[in-house]
Amino acid sequence: MPELPEVETIKRYLNKAIVGQKIAEVEVLSKKQFSGRAKDIRGTKVIGLERRAKHLIVNFDNANSLLIHLKMTGQLVWTPRANADLPGKTTRIIIRFDKGTLFFNDMRKFGWIRILNKDQLDQELKRYGPEPFSKDFSIKYLQSIFQKTSKPIKTVLLDQEKIAGLGNIYANEALFEAKINPRKPAKALNQKEISRLKQAIVYVLKQGIKYEGSSAADEVYIKPDGSAGRYQQHFLVYQKQKQKCQKCGATIKRVNLGGRGTFFCPKCQV
DNA sequence: ATTGGGACCTGCTCGC
DNA sequence: TGCGAGCAGGTCCCAA
């Protein structure tokens, strides 16, 4: 599912494709997934893209922005010219530029696109926790949020208001990397574990970006050119239940935590 | 207040 | 073989 590395990959791709282009038209096929007035961006030029948590932000030269959330099955597919495959049956919103078209596909209709002005955008994004690559994402900060709760550490990692950008895949992988059991209460983590976890989160997210995101078996994430990411080839626990741990040979377990599939090595992760 | 669970959707898998 | 139940997961919303 699109988490930080997937959205970051899309951002980098679209940064090359659409910066400097003008919006010609916005066509909304699924009304509930779109809000705002298309006329507020029609004819304006894209000046840059940003990512905040799992959101993609497209900024225009009139201080308006598109705020995009792909949720689980959203895709952004860019085509410079007419393409017989697009729009497809899951295309929900079509954004036409001078030279090319951006298709927002979303099988399950959970994702959305909103048009916001600067104030609305800032208001909307301020509630999210620190970005894992920022200096605010410190051991001291993690200590302060972990000590406040006895929720399982994995549940805390998925809370966007505490840490921005982690989803189920990278939370599982980071906990394996840090050798921490996902069910361990957050407040039970010691300094050493918190330090390992912080490093592991940064590491797995960077790996995710390096391999351009995860397009696992049941994942619909693709890059804007329609090709797949490759991080799924580097999963060590996610969807590896019943397989052998690559570090110790024990069998990877799958449990349910907060309604989410949770994967870990019972021997490596204590 | 915090926390847990259902709702939102659709397509796929699994069991009867 | 056919069909329905269950599942998948990011986030919001409501209830205990």
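The analysis underlying the following values was restricted to heavy atoms, covering all of them including side chains, and did not include hydrogens, waters or symmetry mates.
A:Phe235 and A:Tyr238 have perpendicular rings, their planes meeting at more than 60° on a 0 to 90° scale where under 30° would count as parallel.
As rounded to whole Å, 12 Å separates atom C1' of C:dC12 from atom NE2 of A:His55. Atom C1' of nucleotide C:dT11 and atom NZ of A:Lys162 are separated by 14 Å, given to the nearest angstrom. Atom CG of A:Asp159 and atom C1' of C:dT11 are 11 Å apart (whole Å). Between A:Trp112 atom CH2 and C:dT11 atom P the separation is 9 Å, expressed in whole Å. In this entry the distance linking NZ of A:Lys54 with C1' of C:dC12 reads 13 Å, nearest Å. As rounded to whole Å, 9 Å separates atom P of C:dT11 from atom CE of A:Met72. Put simply, CZ on A:Phe110 is 13 Å from P on C:dC12, counting in whole angstrom units. The distance from atom CD of A:Glu161 to atom C1' of C:dG10 is 13 Å, rounded to the nearest whole Å.
Here the separation of B:dG11 from C:dT1, taken at their P atoms, is 24 Å to the nearest Å. C:dC14 and B:dC9: their P atoms are spaced 15 Å apart (whole Å). When the C1' atom is used for both C:dC7 and B:dG5, the distance is 16 Å, rounded to whole Å.
Considering only heavy atoms from C-beta on, A:Tyr211 stays 4.5 Å or farther from A:Pro5 through its side chain.
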Check nucleotides 13-16 of chain C against the protein and report each pair of N or O atoms closer than 3.5 Å, with its distance, or say if there are none.
none

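Applying the 6.0 Å contact sphere to NZ of A:Lys32 captures more than 12 heavy atoms from other residues, nucleotides or ligands. Atom NZ of A:Lys184 sits in a crowded spot, with more than 12 heavy atoms from other residues, nucleotides or ligands closer than 6.0 Å. Around atom CD of A:Gln191, no more than 12 heavy atoms belonging to other residues, nucleotides or ligands sit under 6.0 Å away. Residue A:Lys206 places its NZ atom among 12 or fewer non-hydrogen atoms of other residues, nucleotides or ligands, all under 6.0 Å distant.
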**Request:** For salt bridge (Lys or Arg N to Asp or Glu O under 4.0 Å), just list the numbers for A:Glu131 and A:Arg51, CA-CA rounded to whole Å, side-chain angles, deciding distance to a tenth of an Å, and then say yes or no.
**Result:** CA-CA 10 Å; A:Glu131 288 290 328; A:Arg51 180 195 55 73; 2.9 Å; yes
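No contact: A:Thr90 has no heavy atom under 4.0 Å from any strand. No contact: A:Gly111 has no heavy atom under 4.0 Å from any strand.
Contact annotation: A:Gln160 reaches the phosphate of C:dT11 (side-chain N/O to OP1 or OP2, under 4.0 Å). Of the side-chain N and O atoms in A:His69, none sit less than 4.0 angstrom from OP1 or OP2 of C:dG10. For A:Arg260, no side-chain nitrogen or oxygen approaches OP1 or OP2 of C:dT11 to under 4.0 Å.
In this model, a donor atom of one side chain and an acceptor atom of the other lie less than 3.5 Å apart for A:Ser214 and A:Glu6.
Heavy-atom distances to DNA chain B give each of A:Pro152 and A:Arg92 a nearest nucleotide, and the one nearer the 5′ end belongs to A:Pro152. Residues A:Lys148 and A:Lys32 each lie close to DNA chain B; by heavy-atom proximity, the contact nearer the 5' end of the strand is made by A:Lys148.
Rounded to the nearest 0.5 Å, atoms NE2 (A:His55) and CH2 (A:Trp112) are 5.0 Å apart.
Paired with A:Asp106 under the rule side chain to side chain donor-acceptor pair (under 3.5 Å), one option of A:Gln33, A:Gln75, A:Arg92 passes, and it is A:Gln33.
The pair A:Lys126-A:Asp122 fails the salt-bridge criterion, with no side-chain N (NZ, NE, NH1 or NH2) lying under 4.0 Å from an Asp/Glu carboxylate O.
Between A:Val237 and A:Glu173, the closest heavy-atom pair is N-OE2, 3.0 Å. Residue A:Val46 comes nearest to A:Ile18 through the heavy atom pair CB-O, 3.4 Å, listed as atom of the first residue, atom of the second, then distance.
When DNA chain B is scanned 5' to 3' for any atom under 4.0 Å from a heavy atom of chain A, the first and last hits are B:dT3 to B:dG11.
In DNA chain B, the stems built from three or more successive Watson-Crick or G-U pairs (distances below 3.5 Å) are B:2-8 with C:10-16, B:10-16 with C:2-8.
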